[in-house]
Structure formats: structure tokens, C-alpha cells
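Quick notes on the structure that follows.
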Amino acid sequence: MARLLLLVLAASLVALASCQRLPVLAKGLPVLAKGLPVLAPVTKDPATSLYTIPFHQGASLVLDIAGPLVWSTCQRGDLPTDIPCSSPTCLLANAYPAPGCPAPSCGSGSHDKQCTTYPSNPVTGACAAGSLARTTLIADTTDGNNPVSQVYVRILAACAPRKLLASLPRGSMGVAGLGGSGLALPAQVASTQKVANKFLLCLPSGGPGVAIFGGGPLPWPQLTQSMPYTPLVTKGGSPAHYISVKAIQLEDTRVSVSERVLATGGVMLSTRLPYALLRHDVYRPLVDAFTKALAAQPANGAPVARAVKPVAPFELCYDTKSLGNNPGGYWVPNVGMTLDGGSDWWMTGKNFMVDVKPGTACVAFVEMKGVEAGDGRAPAVILGGAQLEELVLDFDMEKKRLGFLRLPHYMDCSRFNFTRSA
Ligand SMILES: *[C@@H]1O[C@H](CO)[C@@H](O)[C@H](O)[C@H]1NC(C)=O
């Protein structure tokens, strides 16, 4: 009898557990833990080098640090909204039309149409018309050290046709924009969960890393409490996050790029690109300085790096046997960016050397195509995934500042403890 009771109990627990995974259930939702930040594990997709977070029903969303919206291939269970075209929400949804995509207008006429938005694919640049729907992100709250309890975060997403998923990781159902706009994920979590409009990213090079929306205690306080900050810059017409770089150094030598050149177009952060893209007037001096530094005899008696035939799109490639290794990756000169506020952001070989084939590693700075030197419509530099990985990045849209901390070599982003605290 007792055994039967146990079985019945176990069966109903399983049923309960599987129900709770469905976001469509309106009844029986766990109580929202208001005020606690929201945690999501971040996975790097090996095929695309894009980063994803879990969404619901086993599907994921691609993180786009410069994206203005959350969009998904909406499904049954996502509730269509009745948001008029002229409403403030619709204006927010259309505040940053992607290049080449229509800028919606409500048209004239006394009857207010439904809101239409144009979500865009961050990789292909394609866009499509979609309406807005209410959907649910299933995640955990966090105290900064561990997950605390499951939470259903209600969000507004633009609905996109399945074809907009082209070139995105298998299993993804849309994109979570983390830009500085009103309908980006951090702003939506801030308003529904009553938390700050901030997010922390620790992008993994292996996996899994961590994203925390809403501030709260930072993970690894012994390291993060002394994190340097630099102003987080926004530019009209773009939801992307920029930082202000005053100078670039190769070890202790300043690269001949002026502050004015770096300020022209600014330095943008991207999770869409695996490597940094540099405008010609930044690229040339940096690559020349690099070539020179690597051709010189290292002071420590290590062998001279042996240049080999370049592999496109890279220009500088080396025989890996001639490059030493250290905890920072290949033993190459570190690249430093002096940021507004005075702190330096250093990149080691791990952040800009890429193995292109056995025995060959290249400097993964790529020259922007189709952009003239000094053309301020293009950023001077776009930092990509390789530059942002294994760093704690604290994006604070309220204080308009970015904290950045390189994890020591014995640590990495996958050290976050995803075991729920009892
Ligand atoms: C992770 O957190 C759990 C719950 O607090 C704890 O029991 C466990 O020891 C932690 N693991 C590590 C490796 O710190």
C-alpha cells in the first residue's frame, strides 16, 4: 500500500515537473521571486561561434549584444498582443530599424493598425515583418553565487517567420537583443522582474558561461569588487554598446593610431563576429606594429616567430611551433586598449590568435571591407567574441558604464556554480 502511494506520488511529481516546463500554463506558475536578478547559462555554438541562452521547451535564443529586440518564431502558447501602431511600445519596437529593412509607418487613416515590427537576423542581415507577442523566458533567479529558483519571465517578442533563423545555431528559435533599447532583453527583465537595467556577461570559450540580468551581487566577488569601469557610450541610431578607446598599445609600445581616429566611429562590441574587425586606418598601423614586433628576436631568448603563407581572411599567420605557449595562449605581444577613465583592457594571444589549420595560427584582426579610412559611419573597431570571452563584463545601462575584468588563467566563465543552493 505504502509502495503504491509512493508510486502515485512519484507519478504526480513527474507530471508536475513536466507541466512546469511549459510556459503556456497560466495556472500553477511558481511564485515570481521579485527583485532577484535572472540567471542564464551561456553556450557557445561550435558551428557558428554564436552564443545562446535557453529560452523554453528546449529551444534557445541567440545573444546579440547589439540587438534592439527579442524575436522568435512565435508558437502556440505565445499570446498575440493588441498593441496599436501608434502606441509607445510599438515606437520602441521600431526605434532602431536594421539597415536595409523598412522603417514602419502607421500610415494615415483614423483606424489605428496593429503594431508591425521588422526583426532582423544579426548574421545574414535579413529581416521580415512580424507582430508582437507575449512569450516566456524560463530561467532561474540568482543570488550571484548559485541559481535560487526557477522563474518565468514574461517578455514581448517580435514574431518572425522560420526562414529568419537561417545561419543561426541549430536549436535556436530566435534572438535576444541586449542593446540599449527599450525592448531589448535587459530592459524587459528590468521592468517585469523589478530589477536594475544591467546585465553581466561571461562569454565562454568552451562552456558554459553565464549571463545575469538585473545586477545584484556580482559573481566571484573577491575578483569583481575591484573591477575597473569605463563609460558605456551609445550613438544615435544604434542600439549597440560602444566604449571609448584613447590609444592602442602593443606591449609597452604605443601603436600609431590617434585618439581622433579611434573616436571617429568609436569602438563597438559585438557577439555576432567571432573576431575583431578594424577599419583600415586602425588595421594598418596595428598589423604593421605586430609584424615588426614578431620579426624581432624575443628578449627572453625564445625563437623568432616564423611567418607562413597567410590564410584568408587573415594577413599574419605563423608556424605554431615557432610560437611559444603560456597561460594566455600563444606567446605573442599583448594588445592593450587604453580606455576612457584611464584603465587598460589587455588582450592576450587567446583573444586574437586563431588556429586555422594544424601547425598554423593567425592574428585574428580582420580589415573591414568597403569602408574608407576615416569614414565615421563605420566603427573604428568592432570587438568580436574572441575579444570578449573569459572576461566578466558588467553592462550598466543605468550608470552608463561598463565593468571589465579578465579572469585569471586558473579561472574561466564555466566556473559559475549552476547547482541550486539548498
Ligand atoms: C556549488 O553550490 C552548491 C550549493 O550551494 C554547493 O553545495 C557546492 O559545494 C558548490 N560547488 C562548488 C564546486 O563550489
Side-chain angles (χ1 to χ4, degrees), residues 9-10 13-14 16-21 23 28-46 51-61 63 136-153 171 176 178 185-186 189-190 192-196 198-228 326-329 348 350-351 385 388-396 403-422:
L9 192 66
L13 274 179
V14 167
L16 194 68
S18 54
C19 283
Q20 290 202 338
R21 239 174 276 130
L29 289 181
V31 181
L32 295 185
K34 282 231 161 62
L36 274 186
V38 173
L39 167 75
V42 178
T43 307
K44 183 176 181 178
D45 175 57
Y51 308 91
T52 63
I53 57 169
F55 183 25
H56 58 223
Q57 292 169 314
S60 57
L61 290 177
L63 293 180
T136 310
L137 176 86
I138 305 182
D140 281 292
T141 55
T142 182
D143 56 10
N145 290 316
N146 295 86
V148 173
S149 57
Q150 197 175 56
V151 66
Y152 289 66
V153 183
L178 306 183
L185 184 59
V189 175
T192 60
Q193 302 305 112
K194 312 270 180 287
V195 289
K198 300 174 64 169
F199 66 98
L200 173 137
L201 270 190
C202 198
L203 296 174
S205 51
V210 54
I212 297 175
F213 300 94
L218 297 177
W220 309 302
Q222 68 284 14
L223 299 169
T224 47
Q225 66 193 3
S226 57
M227 180 153 55
N326 68 14
T348 70
K350 264 189 195 160
N351 302 117
L388 306 180
E389 282 171 5
E390 308 302 357
L391 258 74
V392 179
L393 296 171
D394 183 27
F395 291 82
D396 187 338
F404 60 98
L405 180 89
R406 168 172 310 288
L407 290 172
H409 62 83
Y410 55 84
M411 277 276 297
D412 60 48
C413 292
S414 70
R415 295 296 181 94
F416 191 86
N417 188 338
F418 280 102
T419 308
R420 239 172 243 180
S421 39

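Just so you know, ligand 1 is whichever comes first in the structure, and atom 1 is the first atom listed for that ligand. Predicted model only: the values in this text are computed from it and were never measured.
Between W220 and F416, the ring planes lie perpendicular to each other; the angle is over 60°, past the 30° to 60° tilted range.
Contact check for T224 versus L200: no side-chain heavy atoms found under the 4.5 Å cut-off. Between L393 and L388, the closest side-chain pair of non-hydrogen atoms falls below 4.5 Å. Proximity of V153 to F213: side-chain heavy atoms (C-beta onward) are nowhere separated by under 4.5 Å. L61 has its side chain within reach of L137: a pair of non-hydrogen atoms, C-beta onward, lies under 4.5 Å apart.
Of the protein's heavy atoms, N417 ND2, 3.4 Å lies nearest to atom 12 (C) of ligand 1.
Taking a distance limit of 4.0 Å, we find that atom 7 (O) of ligand 1 is approached by no protein heavy atom. Proximity of atom 14 (O) of ligand 1 to the protein is indicated by at least one non-hydrogen atom lying closer than 4.0 angstrom.
Residue-to-ligand polar distances place N146 within reach of ligand 1: an N/O pair is separated by less than 3.5 Å. Residue S421 has no N or O atom closer than 3.5 Å to an N or O atom of ligand 1.
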